[in-house]
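Every heavy atom of this structure was used, including side-chain atoms; hydrogens, water molecules and symmetry mates were not. Starting from 1, each residue takes its place in the sequence as its number.
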Amino acid sequence: MENEVIGLIAGISGEILTEKLHKKGKRVALIEGKPGESGEETADFVCRADLRQVDKIDSFFKEMGVKKVVIGTGHILALELSKDLDERGYLLSNDPAASLLAKDKIRYKEALMAQGINTPKFIRISPREAMPDTKKIIDYLGLPCVVKSSVDKVLPQKANNVDELDAAILEILGKDSTVLVEEFVRGVDVTVPVLVKKTGAEAIIISYYSKAQECHLKGFTSNDSRRESLTPEMETEVKKYCEQVALKTGMKGLCRIDSMIVPDNMSCRIYILEANSVMVTGIHENQMEYGRFFLEREGVDFAEILIATAMDKFEDYR
């Protein structure tokens with residue numbers, strides 16, 4: 001539909017996704033969380049709002065005639081907003097339920113285990129619980145181990161000893177977040193963008209991206225992942241595995257699955273670490289490996305894919 005107004009919630013991906021929507025002949029109604037956010041200068045209409053202000057955003061979209069909304073960021077507030085907008089009748093580029101499942105690291109790992117998908121062992125610690133017995137954690141997971149906030153309130157960190165483990169747990173509990181303490185697996189870090197459409201899933205490429213190294217996560221060293229490439233046969237095995245992970249956990253559109261691969265002779269052991277239900281396509285220092293520059297070098301335009309897939313999904317609603 002010519003001059004149709006599409007709602008966009010995209011964070012750092014706002015500018016590139018606005019550009020792609022304009023090329024499709026669409027106008028863009030952008031929600032920005034702060035002044036000067038990506039896309040502010042190029043979007044046709046802009047509303048500055050806290051993403052928890054559902055009524056304000058709903059009123060803005062209605063005023064602009066928006067019926068379809070592209071979610072271009074995996075921020076927890078954007079995913080919660082997508083659920084609210086879905087309930088109010090908007091057509092969304094993502095699947096809110098699957099997005100919120102993937103965002104909760106513990107629920108997601110439980111879903112993986114229920115599907116027989118390999119993921120590192122873990123223990124959960126609720127903010128309502130007393131400080132756990134560290135010895136029991138170490139007996140089950142060993143040292144080192146990885147400590148995460150279940151919903152990304154604190155960046156993951158590696159605990160190499162008892163003191164670091166105690167400090168990491170207390171830091172996350174202090175943010176009123178459930179703690180995920182995970183078995184540390186040393187292998188080859190990879191991230192796999194997967195496109196899920198009604199016809200099936202396609203793993204597009206393998207990126208040898210280490211979040212721990214690129215983001216300088218606390219406690220990790222350069223020796224914590226094996227900086228090597230997999231054989232072509234192993235890459236094919238990993239791609240097929242990630243396709244099944246995306247399908248079995250209900251992903252829709254363009255997602256990204258992070259894995260740790262342990263080569264074993266001619267095959268490999270695949271550990272699924274986490275998934276991002278919305279693949280970031282904007283430029284950010286932590287996204288360079290799969291952001292615009294990396295994608296242009298590889299000849300794959302993920303922003304284009306994200307928008308094309310969203311448009312196809314919107315057409316299916318008609």
State which residue, out of Val192, Val194, Asn276, fulfils the side-chain contact (heavy atoms from CB on, under 4.5 Å) condition with Arg256.
Asn276
Test: ring-ring contact (aromatic ring centres under 6.0 Å, His included). Region: residues 143-170. Which pairs qualify, not counting sequence neighbours?
none
I'd like to know if Tyr108 and Leu180 are part of one continuous hydrophobic network [Ile/Leu/Val/Met/Phe/Trp/Tyr, side-chain heavy atoms within less than 4.5 Å].
no
In one Ile/Leu/Val/Met/Phe/Trp/Tyr side-chain cluster, 4.5 Å: Tyr90, Leu51:
yes
Could you walk me through whether Asn118 and Ile272 satisfy the side-chain contact (heavy atoms from CB on, under 4.5 Å) test, starting with their C-alpha distance in whole Å, then the side-chain angles of each, then the deciding distance to 0.1 Å, before giving a yes or no?
CA-CA 6 Å; Asn118 199 35; Ile272 302 300; over 6 Å; no
Distance-minimising heavy-atom pair for Arg186 and Ser225:
NH2-O, 4.3 Å
Nearest 0.5 Å, please: how far is CZ in Phe314 from CD1 in Ile307?
8.0 Å
Counting heavy atoms not belonging to Arg88, are there more than 12 under 6.0 Å from its CZ?
yes
Might you confirm whether atom NZ of Lys62 has over 12 heavy atoms from other residues, nucleotides or ligands at distances under 6.0 Å?
yes
Quick check on the hydrophobic clustering: are Val262 and Tyr241 connected, directly or via other members, by side-chain heavy-atom contacts under 4.5 Å?
no
Which residue, Lys148, Lys103, Arg107, Lys109, forms the salt bridge (charged side-chain N to carboxylate O under 4.0 Å, His left out) with Glu274?
Lys148
Side-chain donor/acceptor of Ser93 to backbone N/O of Ile71, under 3.5 Å:
yes
Please name all residues satisfying salt bridge (charged side-chain N to carboxylate O under 4.0 Å, His left out) with Lys83, sequence neighbours left out, ordered by chain then number.
Glu87
Please confirm whether the backbone N or O of Asp95 pairs with a side-chain atom of Ser99, one donor and one acceptor, at under 3.5 Å?
yes
Verdict with supporting geometry, Val70 and Leu306, side-chain contact (heavy atoms from CB on, under 4.5 Å):
CA-CA 9 Å; Val70 171; Leu306 188 151; 3.8 Å; yes
Tell me, with the steps shown, if Val162 and Ile138 meet side-chain contact (heavy atoms from CB on, under 4.5 Å).
CA-CA 8 Å; Val162 174; Ile138 296 171; 3.6 Å; yes
Quick check: do Leu273 and Val185 have side-chain heavy atoms less than 4.5 Å from each other?
no
Donor-acceptor under 3.5 Å (Thr191 side chain, Ser207 main chain):
no
Taking the side chain from Ser259 and the backbone from Ile261, do they hold a donor-acceptor pair closer than 3.5 Å?
no
Heavy-atom distance under 4.5 Å between the side chains of Asp152 and Lys105, does that happen here?
yes
Could you tell me the separation between the CE atom of Met234 and the NZ atom of Lys239, rounded to the nearest 0.5 Å?
15.5 Å
Are any non-hydrogen side-chain atoms of Glu110 and Phe122 less than 4.5 angstrom apart?
yes
Give the cluster check for Ile117 versus Met113: same hydrophobic cluster or not, with ILVMFWY residues linked at side-chain heavy-atom distances below 4.5 Å.
no
Checking side-chain contact (heavy atoms from CB on, under 4.5 Å) against Ile270, which of Lys240, Glu237, Met260 comes through?
Glu237
dist Leu85:CG -> Lys67:NZ (nearest 0.5 Å) comes out at 15.5 Å
Is any side-chain heavy atom of Tyr140 less than 4.5 Å from a side-chain heavy atom of Val181?
no
Salt bridge (charged side-chain N to carboxylate O under 4.0 Å, His left out) partners of Glu32, counting only residues at least two apart
Arg48
Does the structure place the NZ or CZ of Arg269 under 6.0 Å from the centre of the six-membered ring of Tyr271, at an angle of no more than 45° from the ring's axis?
yes
Among Lys24, Arg27, Lys68, the one residue meeting side-chain hydrogen bond (donor to acceptor under 3.5 Å, both in side chains) with Glu4:
Lys68
Side chains of Leu230 and Pro263: closer than 4.5 Å at any heavy-atom pair?
yes
Atom pair CD (Glu202) and NZ (Lys197), whose distance is rounded to the nearest 0.5 Å:
8.5 Å
dist Leu101:CG -> Leu79:CG (nearest 0.5 Å) comes out at 11.0 Å
Which pair of heavy atoms, one from Ser149 and one from Val154, lies closest together, and at what distance?
CB-N, 3.7 Å
Test item: Asp86 and Ser82 side chains (from C-beta on) under 4.5 Å apart, heavy atoms
no
What heavy-atom pair brings Ala49 and Ile31 nearest, and what distance separates the two atoms?
O-CG2, 4.4 Å
For Lys135 and Asp133, what are the C-alpha separation, side-chain angles and deciding distance, and is it a salt bridge (Lys or Arg N to Asp or Glu O under 4.0 Å)?
CA-CA 5 Å; Lys135 184 178 183 304; Asp133 184 339; over 6 Å; no
Distance-only polar pair, side chains of Ser150 and Asp104, donor-acceptor under 3.5 Å
no
Would a 4.5 Å heavy-atom cut-off, applied to side chains only, mark His22 and Asp44 as touching?
yes
Checking the side chain of Asn160 only, and the main-chain atoms of Gly219 only, is there a donor and an acceptor separated by less than 3.5 Å?
yes
Heavy-atom side-chain contact between Lys20 and Asp301 under 4.5 Å:
yes
Non-hydrogen atoms of Asp50 and Ile57 that approach each other most closely:
O-CD1, 3.9 Å
Is there a donor-acceptor pair under 3.5 Å between the side chain of Glu243 and the backbone N or O of Ala203?
yes
Nearest atoms (heavy-atom pairs only) where Cys255 meets Met279:
O-SD, 4.2 Å
Test side-chain contact (heavy atoms from CB on, under 4.5 Å) on Thr73 and Ile12; report intermediate values, then the result.
CA-CA 8 Å; Thr73 173; Ile12 64 169; over 6 Å; no
Say whether Ile206 and Val245 are linked into one hydrophobic cluster, either directly or through other cluster members, by side-chain heavy-atom distances under 4.5 angstrom.
yes
When you check the gap from the basic side-chain N to the acidic O, do Lys23 and Glu19 get nearer than 4.0 Å?
yes
Would one find more than 12 heavy atoms of other residues, nucleotides or ligands at under 6.0 Å from atom CD of Glu41?
no
Assess whether atom NZ of Lys218 is packed by more than 12 heavy atoms of other residues, nucleotides or ligands within 6.0 Å.
no
Within the distance-only criterion (no hydrogens, no angle test), does the side chain of Lys198 pair as donor or acceptor with the backbone N or O of Lys313 below 3.5 angstrom?
no
Separation between CG of Leu30 and OG1 of Thr18, rounded to the nearest 0.5 Å
5.5 Å
Over all heavy atoms of both residues, which pair between Leu100 and Ile76 is shortest? Give the atoms and the distance, please.
CD2-CD1, 4.0 Å
